[in-house]
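Before any comments, here is the structure.
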2 protein chains.
Amino acid sequence: MRRQSSAADGQRRATVTDVARLAGVSTATVSRVLNRNYPVATATRERVEEAMRELGYVVNAHARALAGVSGRTVGIIVSEVIDPFYAYIARGVEREAALGDRLCLVCCTQGDPQRELAFIELMHERRADAVIVVGGSFADRSYTTELARRARELDAGGSKLVLCGRPPLDEPAPTASVEYDNEGGAFAITDHLLAQGHERILYLGGPPALSTTRERLAGHRRALELRGIARDPELEQLGSFSRAFGRRRMAELLKEGPEFTAVFAANDIVAAGAAQALEEAGVRVPQDMSLVGYDDIPVAQELRPRLTTVHIPLEEMGRQAVRLAVSGGDEDDWREQTTGAVRLGTHIVVRDSVAAPSKHARRV
Amino acid sequence: MRRQSSAADGQRRATVTDVARLAGVSTATVSRVLNRNYPVATATRERVEEAMRELGYVVNAHARALAGVSGRTVGIIVSEVIDPFYAYIARGVEREAALGDRLCLVCCTQGDPQRELAFIELMHERRADAVIVVGGSFADRSYTTELARRARELDAGGSKLVLCGRPPLDEPAPTASVEYDNEGGAFAITDHLLAQGHERILYLGGPPALSTTRERLAGHRRALELRGIARDPELEQLGSFSRAFGRRRMAELLKEGPEFTAVFAANDIVAAGAAQALEEAGVRVPQDMSLVGYDDIPVAQELRPRLTTVHIPLEEMGRQAVRLAVSGGDEDDWREQTTGAVRLGTHIVVRDSVAAPSKHARRV
DNA sequence: GTGAAAGCGCTAACAT
DNA sequence: ATGTTAGCGCTTTCAC
């Protein structure tokens, strides 16, 4: 015997057939009142609706999807939902999806590329209209190949893989992408520091292999070069994006490291950690040391002094990601291949954590 | 003609039938290698797997669900994903769901009860194994009735509605619930203030009609009573849970309001706003004014002075919510009705924002 | 305006 | 170990 319901006892949900019988009509009619996409006599409609109410009928989205209508779902894959960077993007995705009457399937990789791949597959199985992978990626050859394969499979089914906040695949593959001017933001904020007279700037944090780090570092270096400042490897202290890293490394460097008058933290979280280390070491910001971050998440405004950082239109990125992937909701596709790409701007927001370098030695 | 695919061109995804044909076996066999729940000759299995690879076959979760297997989905409804309170719970839900190979459907109500109801329906349509509604609720009669109805419908289908961080429905309904000792936490932290000698404590923020507010306020009042301190309506300044509210109302009260030596912000966000107003008014924390919050989200540690607040096991609440709802994954139900309820403890975490009231007038 | 019937892709008896 | 087949619940021609 087939298991009718997953619960302990064998209740059965009402189906269109039940509704049809009770209302004395055919299932086709029930379907028509359900979808209100076809004329149905008012009297009939009311009888059907009454029957549905009486039976506590709830349409089965799986059956509906199987019968050919879109599942109205978009998948979003982030590394961590409590990280504001991802959370804001997720919010944009959710809101835009909701506008198109879509629900979001979300999952967290916790930074594991293998999980990311597995989740893409899971969402494909669920026939998501789009699968949005968010955040930087590691430049691993076999990983990229796998990703491209998934993109092709998805595309072959009329779905789309969207890269959000990461560079396109080397390999050609049918993906859409939403980027932000990462390199430009890093360039701008470094230049801001340079303009204040800083020449020895510490770049702190960020996983070395992550695209996000590579791009920010590239912008930073370009700004240095443009002002004719030699790059000092000792001043590039990569690591991770954690608060703990920012605090620990900053403390170590303060104790025994190269000279510098400003810190460019790879993101605001790292900046928060660095700020704490600075505070604990009695180094005043910005008088003794300037500090900037990246991302402009809420903590930047909570720190004292308030953190000068680079703003990224995170929520908008999320929105664009779904717009790019789902061509106009119910309407028929207005273009052959919607394999688009958008690139949003970033800009620095000046707050209180930067000042001209102090004349005195910064070493305590 | 039926629309085979939603994309511009009419590609068709490979199905079990295609795989079966290419591998020269029956669809049953394909299904068997797919679910690895039945013996299949190694040679056959390899042939089938090869065929799948060749065809880029990806199983259709809808068809599978329709054929009787669980959709392996849990729904979670929060008011806002970027709010750490919800985000941490969501993380717990996601992680626990992932352990059972389930994906999360998440959506945001932005505080609108109507949207909440609508989302529950949507998730029911998708046959989620459980639907978890997170956060406080408004004590609206008709809303409660509707919620109870949804709970019954869900239950009738073998699914479950889980109330997470909110009190049970007045009306009897088949729901599971995960609560935290909200009243107790409020009692404890108020008592902490009282023990330091504060007698005039301002309770600031929180929507008056929200269950969360009611419970916290109740704990606050109980602590006052127990110490024989008369309650002063002027010292209960409810409002919202926003940072902006905390800042604005605090500023107003500082200018022209009742006397008080300590502030109990309804949550950490409000506390952050209040802290800013205090800072702007030149009132020092904790020397001139003590300040506490509720929730223990990251900002509490970022504020200076670090905020004394009440810790809630948010992530654990999320985990419990799914455990309660999904009885042991694949195994058959080991109990009749899993309509359980758990209540987790809260505790205050003492940091640096509280001191004994100053002898001098606090008014500036 | 409404009904009959053919699938959609998969799983699970039931045979063999 | 593998094949046959009957649904799962819905939408959608095609008739009437």
Side-chain angles (χ1 to χ4, degrees), chain A residues 1-6 10-21 23-48 52 55 57-72 124-127 157-158 330, chain B residues 1-6 10-21 23-48 51-52 55-72 124-127 157-158 330:
Chain A
M1 188 196 72
R2 142 170 289 126
R3 194 151 57 152
Q4 293 286 19
S5 125
S6 61
Q11 331 90 319
R12 222 189 52 106
R13 287 167 157 111
T15 72
V16 274
T17 311
D18 301 322
V19 175
R21 185 165 30 226
V25 299
S26 74
T27 62
T29 301
V30 175
S31 173
R32 294 199 260 260
V33 343
L34 222 36
N35 298 298
R36 24 182 114 277
N37 55 358
Y38 218 80
V40 171
T42 315
T44 313
R45 135 160 303 122
E46 283 169 354
R47 238 174 331 124
V48 172
M52 288 180 168
L55 263 36
Y57 173 77
V58 177
V59 11
N60 184 325
H62 294 303
R64 183 178 266 181
L66 191 54
V69 296
S70 154
R72 312 239 121 224
H124 185 174
E125 291 182 359
R126 263 120 153 144
R127 299 301 186 259
D330 272 325
Chain B
M1 185 197 73
R2 142 167 291 128
R3 196 156 49 157
Q4 294 285 19
S5 125
S6 61
Q11 332 89 321
R12 221 187 54 103
R13 286 170 159 107
T15 72
V16 274
T17 312
D18 300 322
V19 176
R21 186 166 30 230
V25 299
S26 73
T27 62
T29 301
V30 175
S31 174
R32 293 197 264 259
V33 343
L34 224 35
N35 299 298
R36 24 182 112 276
N37 55 359
Y38 221 80
V40 171
T42 316
T44 313
R45 135 160 303 122
E46 282 169 354
R47 228 162 354 110
V48 172
M52 289 180 168
L55 262 35
Y57 173 77
V58 177
V59 34
N60 184 327
H62 294 303
R64 182 179 268 184
L66 192 54
V69 249
S70 154
R72 311 241 121 223
H124 186 175
E125 290 181 2
R126 272 140 149 122
R127 298 299 186 261
D330 272 324

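Chain identifiers are assigned alphabetically (A, B, ...) following the order of the sequence lines, protein sequences preceding nucleic acid strands; residue numbering begins at 1 within each chain. Only a predicted model underlies this, so the values are computations on that prediction, with no experimental measurement involved.
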Practice problem: Measure the distance from OH on A:Tyr57 to C1' on D:dG9 and round it to the nearest whole Å. | Solution: 7 Å
Self-check item: Among C:dG1, C:dG9, D:dC10, the one nearest A:Pro39 by side-chain distance
Solution: C:dG1
Quiz item: When only distance counts, do a donor and an acceptor, one from the side chain of A:Arg32 and one from the base of C:dG3, lie under 3.5 Å apart?
Solution: yes
Self-check item: Side chains of A:Val58 and B:Arg127 in contact at under 4.5 Å (non-hydrogen atoms)
Solution: yes
Practice problem: Remember a base hit wins even if backbone is also touched, and classify B:Thr17 as base, sugar-phosphate or nothing at under 4.0 Å, heavy atoms. | Solution: nothing
Quiz item: Atom CZ of B:Arg45 to atom P of D:dT2: distance rounded to whole Å?
Solution: 10 Å
Quiz item: Could a donor-acceptor pair under 3.5 angstrom be found where the side chain of B:Arg12 meets the base of C:dG9?
Solution: no
Quiz item: Across the strands shown, which category fits A:Val30 at heavy-atom distances under 4.0 angstrom: base, sugar-phosphate, nothing?
Solution: nothing
Quiz item: Across the strands shown, which category fits A:Ala28 at heavy-atom distances under 4.0 angstrom: base, sugar-phosphate, nothing?
Solution: base
Quiz item: What's the CG-C1' distance between A:Leu34 and D:dT12, to the nearest Å?
Solution: 14 Å
Quiz item: Can you tell me how far P of C:dG9 sits from CG of B:Asn35, to the nearest Å?
Solution: 17 Å
Practice problem: To the nearest Å, give me how far apart NE2 (B:His124) and P (D:dG9) are. | Solution: 12 Å
Practice problem: On DNA chain D, check which nucleotide each of B:Thr27 and A:Val16 is closest to and give me the residue with the more 5' one. | Solution: B:Thr27
Exercise. Mind checking A:Thr15 for me? I need base, sugar-phosphate or nothing, with any heavy atom below 4.0 Å counting as a touch.
Key: sugar-phosphate
Quiz prompt | Phosphate-side-chain proximity, A:Asn60 and D:dC8, N/O vs OP1/OP2 below 4.0 Å | solution = no
Self-check item: Backbone of B:Ala23 reached by a side-chain donor or acceptor of B:Arg47 within 3.5 Å
Solution: yes
Practice problem: Taking the side chain as every heavy atom from C-beta outward, state whether B:Leu34 and B:Met52 have any pair of such atoms under 4.5 Å apart. | Solution: yes
Practice problem: Return yes if some donor-acceptor pair links the side-chain N/O of A:Arg13 with the main-chain N/O of B:Gly157 below 3.5 Å, else return no. | Solution: yes
Quiz prompt | Value in whole Å for how far the C1' atom of C:dG7 lies from CG of B:Leu66 | solution = 12 Å
Exercise. Whole angstrom is fine here: how far is it from CZ in B:Arg64 over to P in C:dA12?
Key: 9 Å
Quiz item: Between atom CZ of B:Arg21 and atom OG of B:Ser26, what is the distance when rounded to the nearest 0.5 Å?
Solution: 13.0 Å
Quiz item: Between D:dT12, D:dA1, C:dT2, which one does the side chain of B:Ala41 approach most closely?
Solution: D:dA1
Quiz prompt | D:dG3 phosphate, OP1 or OP2, under 4.0 Å from B:Tyr38 side-chain N/O | solution = no
Exercise. Return no unless some side-chain N or O of A:Thr29 is found under 4.0 Å from OP1 or OP2 of C:dT2.
Key: no
Practice problem: Without swapping roles, check the side chain of B:Arg126 against the backbone of A:Gly71 for a donor-acceptor pair under 3.5 Å. | Solution: yes
Practice problem: Assign B:Val25 to base, sugar-phosphate, or nothing according to its heavy-atom contacts below 4.0 angstrom with the strands shown. | Solution: sugar-phosphate
Practice problem: Report the distance from atom NE2 of B:His62 to atom C1' of D:dC10, rounded to the nearest whole Å. | Solution: 13 Å
